[in-house]
Amino acid sequence: MFFLQNTKRFIRYITCFPRQCRCKSDAAFESKKHRIKHGPSLKDFIIQSTGASDVPNHPPHIPYLPENYGDTSKRKVYFDVYGCQMNLSDTEIVWSILQKEGFEKTEKEEEADIFLVMTCAIREGAENKIWNRLDHLRGYKRRRSVSRNRHKPIKIGILGCMAERLKEKLIEKEKAVDVVAGPDSYRDLPRLLALTESGQTAVNVLLSLDETYADVVPVRLNQNSVSAFISIMRGCDNMCTYCIVPFTRGRERSRAAASIVDEVRHLADSGVKEVTLLGQNVNSYRDVTEQSGRSDTQLATGFKTVYKSKKGGLRFADLLDKVSSVDPEMRIRFTAAHPKDFPDEVLQVISERPNICKMLHLPAQAGSSSVLERMRRGYSREAYLRLVAHVRAVIPGVGLSTDMICGFCGETDEEFEETMTLMDIVDYNVAFLFPYSMREKTTAYRRYKDDVPDEVKKERHARMIEIYRRKCQRLHEAEIGNVHLVLVEGIVPKTGQILGRNEHYIKVVFDDVEIPSGEGNRGVKPGDYVGVRILSAKSSVLTGVALYHSSIGEFYKDYGWADRGLLREQNA
Ligand code: SAH
Ligand code: SF4
Ligand code: F3S
């Protein structure tokens, strides 16, 4: 019965599985009969599809180890990372997996044996950047293969969302590529790379229903950074009609809360001062392996989903509670969130905990209800504006950020003007603004026409940028004279000034001077919290003067974030 229901998937599983045999003929390898004989078994498929409990939950990676498995140790890997923060976090997972197998990492192209490109497929422009990089790598590979000093040719692996979107087509289109690995197959990378040692190409683009890499402790690429990313969930079930992510990252699944809390603790112990919880839709987080004391909440009026609401388990509010309790001096941020999943319990935890940054990403995507309907966002302009007002009432002083798309299928001038008025009303502190880019496979690709001309998209995009910069500048100018708590990140290379970020994740720069701390005056270093009075403002950076060393506990002892104007009086 199981097999009958899943025949198509089984055939795809076998045919997509990378080459594991030693047959010389490509034609023989391409036949399904051959693949059934030499490929993974039905048992492997059932394990992968059902997540049966007496076997590992992730796909049966490394079932057939090539004879040269292990030859790859000490090979040097160079990472190229494109796309969103999830890709950065995934690269740290990949690096952890490879490091365990004896690979080394290099920052120098000329030392690299393997180039791994972590890719993004969100817009055509994102993919074009990667094709350009591949052009360069192809030339580099050719030059290196004729160099007499090298014993082994370099290998190129394409990982991430573009790998998942294009699958084998990537190798057909770009012959220099040796490995293609989708977001759920990173455990398989050591084997895939070993396969390439004998000149084969290797592809694993299987998506999983339950892979979260919960047991892989990521190895941070920048060990000196005061901030770190933690992936708390993978995939997305929202199916916004314009978006490729559900097709490249698969179904939504959450990582167990216990493993997230362990990672936060480990990072806190190693001196990290800020963690960002990552996922495509973090506020629909649900750890069904644990029980929450809370009863299930309904979506707010005016919001709906295309999938059934999940029941039971630990929710995002529970996770925020646990994570923010690990170390009260560690800043907690999260992204991305969906406007539909901001129940009061989440807003309450954010407002009560001084270390959860009062900055929310509420991606509107458009300001017109009819466009939002075509985008299948699950809310109207009015519902979104009601949410903004509610969030501002529960969390005074909260900063808001958004993503906006212009030129979506059928967007009229009037509809676009509604996006402009929404941006005018909401006063975003940060906005990521994109011209629409049609993606194959999406509902919009199948159902709508990409009929807004490029010049119109460009012009609308420029107008969004203009209004955003103008409004943002005004918001920032209103901060002049206020004192912000700044987490120091490092130094501005050009000026030697200190660079940090305020609660709203806006860059703040100030001169490196000795300032009062508990034990007399001392200088400033990365990881310090400093009270900085803002003196001047641009749309993307604030400049100030350092007043004193501080901490989250101290800074917010007497005054909340929203009362920072009072600190101005106190420190005048
Ligand atoms: N899950 C997140 C992020 C998704 S990708 C969220 O929902 O907020 C980041 C942003 O890229 C999206 O929010 C959207 O604004 C933009 N985007 C996605 N698909 C796009 C497309 N086809 N064309 C232009 N922008 C797109
Ligand atoms: Fe894409 Fe929508 Fe999912 Fe965000 S919520 S990843 S925009 S489908
Ligand atoms: Fe790009 Fe994939 Fe992130 S498409 S935006 S790298 S989830």
Side-chain angles (χ1 to χ4, degrees), residues 80-91 117-130 158-166 182-184 207 229 231-252 277-285 303 305-307 334-342 360-367 371-372 374-379 384 400-409 411 419 423 428 430-445 448 450 452 454 457-458 460-461 464:
D80 257 329
V81 188
Y82 295 85
C84 63
Q85 290 148 328
M86 282 295 285
N87 269 5
L88 207 63
S89 159
D90 278 6
T91 307
V117 188
M118 186 61 93
T119 62
C120 174
I122 200 81
R123 284 168 290 274
E124 203 183 329
E127 289 198 356
N128 285 343
K129 269 194 218 156
I130 292 155
I158 305 298
L159 319 181
C161 291
M162 195 171 154
E164 191 63 50
R165 190 178 89 76
L166 293 172
D184 287 346
L207 285 173
F229 296 113
S231 170
I232 65 163
M233 54 159 18
R234 301 181 74 82
C236 181
D237 286 348
N238 282 323
M239 302 297 282
C240 303
T241 57
Y242 52 81
C243 186
I244 191 73
V245 172
F247 302 92
T248 60
R249 296 244 161 203
R251 301 301 301 270
E252 184 182 295
L277 308 178
L278 290 181
Q280 294 307 335
N281 187 187
V282 285
N283 47 347
S284 77
Y285 176 88
F303 290 87
T305 64
V306 290
Y307 57 86
F334 56 88
T335 195
H338 193 289
K340 71 181 161 53
D341 287 315
F342 275 109
L360 294 192
H361 189 54
L362 288 186
Q365 310 294 359
V371 174
L372 288 167
R374 291 203 290 285
M375 287 179 162
R376 208 197 270 137
R377 286 293 288 177
Y379 51 84
Y384 181 86
L400 297 180
S401 62
T402 190
D403 292 353
M404 288 287 190
I405 299 175
C406 64
F408 183 58
C409 307
E411 187 186 69
T419 293
M423 291 180 75
Y428 292 108
V430 176
F432 302 94
L433 310 167
F434 311 105
Y436 173 62
S437 165
M438 177 73 102
R439 311 309 285 143
E440 265 178 55
K441 281 195 185 162
T442 58
T443 309
Y445 180 81
Y448 305 131
D450 184 13
V452 178
D454 274 353
K457 282 184 190 168
K458 264 193 203 138
R460 289 180 186 171
H461 188 221
M464 291 201 298

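Whatever order the structure lists ligands and atoms in, that order sets their numbers, starting from 1.
- The shell of residues lying under 4.0 angstrom from ligand 1, judged by heavy atoms, includes Q365.
- N238 ND2, 3.3 Å is the protein heavy atom nearest to atom 5 (S) of ligand 2.
- Taking a cut-off of under 4.0 Å to the non-hydrogen atoms of C240, the atoms of ligand 2 that pass are 2 (Fe), 5 (S), 7 (S), 8 (S).
- Using modelled atom types and a 3.5 Å distance limit, the side chains of E252 and S284 yield a donor-acceptor pair.
- At a 4.0 Å cut-off, not a single heavy atom of V245 sits close enough to ligand 1 to count as contact.
- Using a 4.0 Å cut-off between charged nitrogen and carboxylate oxygen, D80 and K129 do not count as a salt-bridge pair.
- Ranking protein heavy atoms by distance to atom 7 (S) of ligand 2, first place goes to Y242 OH, 3.3 Å.
- At a 4.0 Å cut-off, at least one heavy atom of R249 sits close enough to ligand 3 to count as contact.
- K458 NZ: 12 or fewer foreign heavy atoms inside a 6.0 Å radius.
- Figure legend: cation-pi geometry between R374 and F408 absent, as NZ or CZ is not positioned both under 6.0 Å from the six-membered ring centre and within 45° of its axis.
- The proximity of P246 to ligand 2, defined as any non-hydrogen pair under 4.0 Å, is limited to the side chain.
- The protein heavy-atom contact nearest to atom 4 (S) of ligand 3 is A121 N, 3.3 Å.
- Nearest protein heavy-atom contact of atom 1 (Fe) of ligand 3 is C120 SG, 2.3 Å.
- Only the side chain of C236 comes within 4.0 Å of ligand 2, judged by heavy-atom distances.
- Scanning all protein heavy atoms for the shortest distance to atom 4 (Fe) of ligand 2 gives Q280 O, 4.3 Å.
- With a cut-off of 2.8 Å, atom 3 (Fe) of ligand 3 has an N, O or S atom of C84 in range.
- The P363 neighbourhood of ligand 1 comprises atoms 8 (O), with distances under 4.0 Å to a heavy atom of that residue.
- For atom 16 (C) of ligand 1, the candidate residues are R123, Q280, M86; the nearest heavy-atom contact is made by R123.
- By the criterion of a heavy-atom distance under 4.0 Å, both the backbone and the side chain of Y436 are placed next to ligand 1.
- Backbone or side-chain N, O or S atoms of C161 do not reach atom 1 (Fe) of ligand 3 at under 2.8 Å.
- Contact analysis leaves N281 out of contact with ligand 1, as no non-hydrogen atom separation drops below 4.0 angstrom.
- R377 places a side-chain heavy atom less than 4.5 Å from the side chain of H338.
- For ligand 2 and C243, the ligand atoms under 4.0 Å from any heavy atom of the residue are 1 (Fe), 6 (S), 7 (S), 8 (S).
- Residue contact annotation: A444 has no non-hydrogen atom under 4.0 Å from ligand 1.
- The N/O atoms of D403, backbone and side chain alike, include one that comes under 3.5 Å of an N/O atom in ligand 1.
- By the 4.0 Å N-to-carboxylate-O rule, R234 lies close enough to D90 to be salt-bridged with it.
- Of the heavy atoms in R377, only side-chain atoms (C-beta onward) come closer than 4.0 Å to ligand 2.
- Neither the backbone nor the side chain of C240 comes within 4.0 Å of ligand 1, counting heavy atoms alone.
- Proximity to Q280 (heavy-atom distance under 4.0 Å) selects the following atoms of ligand 3: 7 (S).
- In this structure, atom 6 (S) of ligand 3 lies nearest to the protein heavy atom N87 ND2, 3.3 Å.
- Heavy-atom distances between M162 and ligand 3 stay at or above 4.0 Å for every pair.
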